[in-house]
**Student:** 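If you scroll down you'll find the structure; I have some questions about it.
For the single chain, residues carry numbers from 1 onward in sequence order.
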Amino acid sequence: MSKICQITGKKAMVGNNVSHSKRRTKRTFNVNLFEKKFYWVEQDAWIRLTISAAGLRTINKLGLNAAMQKAAEKGYLTGKDIKFID
């Protein structure tokens, strides 16, 4: 599972750990990702998406179909990325 949100496109960022003596070492800031099942009314099917917490809020605000269309326009989500659950 790649660490990229399928709705918002968020992915891990790179930054520095800074110690008390201001010594810097590289680290990653990972995204708050999880897999969640959704019922897609337009297709009459259950799907599983890998989304971030911000992506979940986007789906709650816009609706699943509108959020998926917006993500597809931006290139974050393709047809083969959607996992249909039997």
**Student:** For Ala67 and Thr58, work out which heavy atoms get closest and say how close.
**Tutor:** CB-CG2, 4.4 Å
**Student:** Does Val18 form a side-chain contact (heavy atoms from CB on, under 4.5 Å) with Arg23? I'd like the steps, not just the answer.
**Tutor:** CA-CA 6 Å; Val18 182; Arg23 210 177 163 133; over 6 Å; no
**Student:** Please find the pair of heavy atoms, one from Gly15 and one from Phe29, that lie closest to each other, and give the distance.
**Tutor:** CA-CE1, 3.7 Å
**Student:** Drop me the distance from Gln43's CD to Ile82's CD1, to the nearest 0.5 angstrom.
**Tutor:**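 Between Gln43 CD and Ile82 CD1, I get 8.0 Å after rounding to 0.5 Å.
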**Student:** Taking side chain to side chain contact (heavy atoms under 4.5 Å, CB included) as the test, write out the residues that go with Thr78, two or more places apart.
**Tutor:**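 For Thr78 the side chain to side chain contact (heavy atoms under 4.5 Å, CB included) partners, ignoring immediate neighbours, are Lys80, Asp81.
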**Student:** Residues two or more places apart in sequence or in another chain: which of them pass side chain to side chain contact (heavy atoms under 4.5 Å, CB included) with Asp44?
**Tutor:**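 Applying side chain to side chain contact (heavy atoms under 4.5 Å, CB included) to Asp44 gives Tyr39.
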**Student:** Just to verify, what does Phe38 make a side chain to side chain contact (heavy atoms under 4.5 Å, CB included) with, not counting sequence neighbours?
**Tutor:** Lys36, Ile47, Leu49, Ile51, Leu56, Ile59, Leu64
**Student:** State, yes or no, whether a side-chain contact exists between Asn65 and Trp40 at a heavy-atom distance under 4.5 Å.
**Tutor:** yes
**Student:** Which heavy atom in Ala71 sits nearest to a heavy atom in Gln6, and how many Å separate them?
**Tutor:**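 Between these two residues, the closest heavy atoms are CB-O, 3.5 Å.
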**Student:** To the closest 0.5 Å, what do you measure between NZ (Lys74) and CD1 (Ile7)?
**Tutor:** 11.0 Å
**Student:** For the pair Asn16 and Lys26, evaluate side-chain contact (heavy atoms from CB on, under 4.5 Å) and give the outcome as yes or no after the intermediate values.
**Tutor:** CA-CA 5 Å; Asn16 288 316; Lys26 288 290 185 184; 3.7 Å; yes
**Student:** Give, for atom OH of Tyr76 and atom OG1 of Thr8, the distance between the pair rounded to the nearest 0.5 Å.
**Tutor:** 7.5 Å
**Student:** Is the backbone N or O of Thr25 less than 3.5 Å from a side-chain atom of Arg27, with the two atoms forming a donor-acceptor pair by type?
**Tutor:**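 It does not hold such a pair.
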**Student:** Indicate the atoms forming the closest heavy-atom contact of Ser52 with Val31, along with that distance.
**Tutor:**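 Shortest heavy-atom contact: CB-CG1, 3.7 Å.
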**Student:** Minimum heavy-atom separation for Asn30 and Ala12, please, with both atom names.
**Tutor:**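 Between these two residues, the closest heavy atoms are OD1-CB, 3.6 Å.
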**Student:** How about Leu77 and Met68: do any of their side-chain heavy atoms sit closer than 4.5 Å?
**Tutor:**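 In short, these two side chains touch, coming nearer than 4.5 Å.
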